[in-house]
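Before any comments, here is the structure.
A, B, ... follow the sequence lines: proteins, then strands. Residue 1 opens every chain. These numbers were taken from a predicted model, which means no experiment stands behind them.
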Number of protein chains: 2
Amino acid sequence: MKIQEVSEKFGISTDTLRYYERVGLIPSVTRTGSGIRDYSELDIRRVEFVKCMRGASLPIEVLIEYMALVQQGDATIETRKEILREQRDQLIARMAEMQKTLDILNHKIQVYESKILEKEKKIKIEE
Amino acid sequence: MKIQEVSEKFGISTDTLRYYERVGLIPSVTRTGSGIRDYSELDIRRVEFVKCMRGASLPIEVLIEYMALVQQGDATIETRKEILREQRDQLIARMAEMQKTLDILNHKIQVYESKILEKEKKIKIEE
DNA sequence: GTAACACCTGGAGTTGACTCCAAGTCAAGG
DNA sequence: CCTTGACTTGGAGTCAACTCCAGGTGTTAC
């Protein structure tokens, strides 16, 4: 699969895909003889993983570290697990914050809605 | 309440508090005669609101727009409600993405955990 | 009254994560 | 063979959101 297709499939620009590779987020993608990227199944699974993690704002640095450990094989499993656990905990914390914000937003929207209703009533009475 | 105390109360640096004021996120804080910030109850409620919204990553630009509308009074209620509704919807979408990521993280952690267990078993058998 | 310290301002610098660009290479159609 | 258009690289530029700094003023403890 060439870069253009991967870009469309995941909604990630080709520039970003190349950038991810450059910084080590996706270890060197397979190439054709002449050096053009030709994403393998594995490469695509990696892109998907990164897209998903970035979608939840896991920092690129952490993902780079994680990917490097994956490359190093089974000896790093314990460390990798720790990284994922920490990221998961932070994610849970962020989601809790967001839930609080969501509640406040919903509350404010409700207040606005009833204010708008009041205004409409007043107009009706004045008519 | 002076800036230092507000900073500690909310865990926002004084630089950030001044920055928020500068860009219009918190309309001009009350001052002492000599020009030193002295946050009123209202100012503090505003800081709290902004902190909460920023905690859920609502963009500063949107908050600036919202705050400007609040300043303009009741005529802008409808617009404000729309802004909040849109932000709420985006927040819900982001939380859904994060939930997916969380599920994957949990799954991966489980897989790692069972791999570690297997390794331990092997060691026991070899003993 | 003076030293030490918190506060002020405008503006420059930093960080993370892209995003764009120039200059060059390759592959397919006519 | 030559053009057209997608691909390559390294490096520079951009953007949001801070964060830091220099140079100046205010305020409190001794």
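At the phosphate of D:dT19, OP1 or OP2 sits under 4.0 Å from a side-chain N or O atom of B:Thr16.
Ranking D:dT19, C:dC7, C:dT19 by closeness to the A:Ser13 side chain, first place goes to C:dT19. The side chain of B:Ile60 has D:dC18 as its nearest neighbour among C:dC20, D:dC7, D:dC18. The side chain of B:Ile36 lies closest to C:dC7 when the candidates are C:dG10, C:dT19, C:dC7.
Taking atom CG of residue B:Leu17 and atom P of nucleotide D:dT19, one finds them 11 Å apart after rounding to whole Å. Rounded to whole Å, the distance from CG on A:Asp38 to C1' on D:dT8 is 15 Å. Between the C1' atom of C:dC7 and the CE atom of B:Met1 lies a distance of 17 Å, rounded to the nearest Å. The nearest whole Å value for the distance from the CD atom in A:Glu5 to the P atom in D:dA6 is 13 Å. Between B:Tyr19 atom OH and D:dC21 atom P the separation is 19 Å, expressed in whole Å. Whole-Å rounding puts the B:Arg22 CZ to C:dA12 P distance at 11 Å. A:Arg37 has its CZ atom 14 Å from the C1' atom of C:dT25, to the nearest Å. One interatomic measurement links the two molecules: CZ of B:Phe10 to C1' of D:dC18, which rounds to 19 Å at whole-angstrom precision.
Checked for salt-bridge contact, A:Asp103 and A:Lys100 miss the test: no charged N lies under 4.0 Å from a carboxylate O. Comment: A:Arg31 engages A:Glu21 in a salt bridge, judged by a side-chain N to carboxylate O separation of less than 4.0 angstrom. Ion pairing of A:Glu82 with A:Arg85 is present here, as a side-chain N (NZ or NE/NH1/NH2) and a carboxylate O approach within less than 4.0 Å. In summary, B:Glu126 and B:Lys121 do not engage in a salt bridge, as defined by a charged side-chain N under 4.0 Å from a carboxylate O.
Both tests hold for B:Lys108 against A:Phe49: distance to the six-membered ring centre under 6.0 Å, angle to the ring axis within 45°.
Two residues, B:Arg54 and B:Lys2, neighbour DNA chain D, and the one matched to the more 5' nucleotide by heavy-atom proximity is B:Arg54.
In this model, a side-chain donor or acceptor of B:Asp15 finds a partner on the base of D:dC20 within 3.5 Å.
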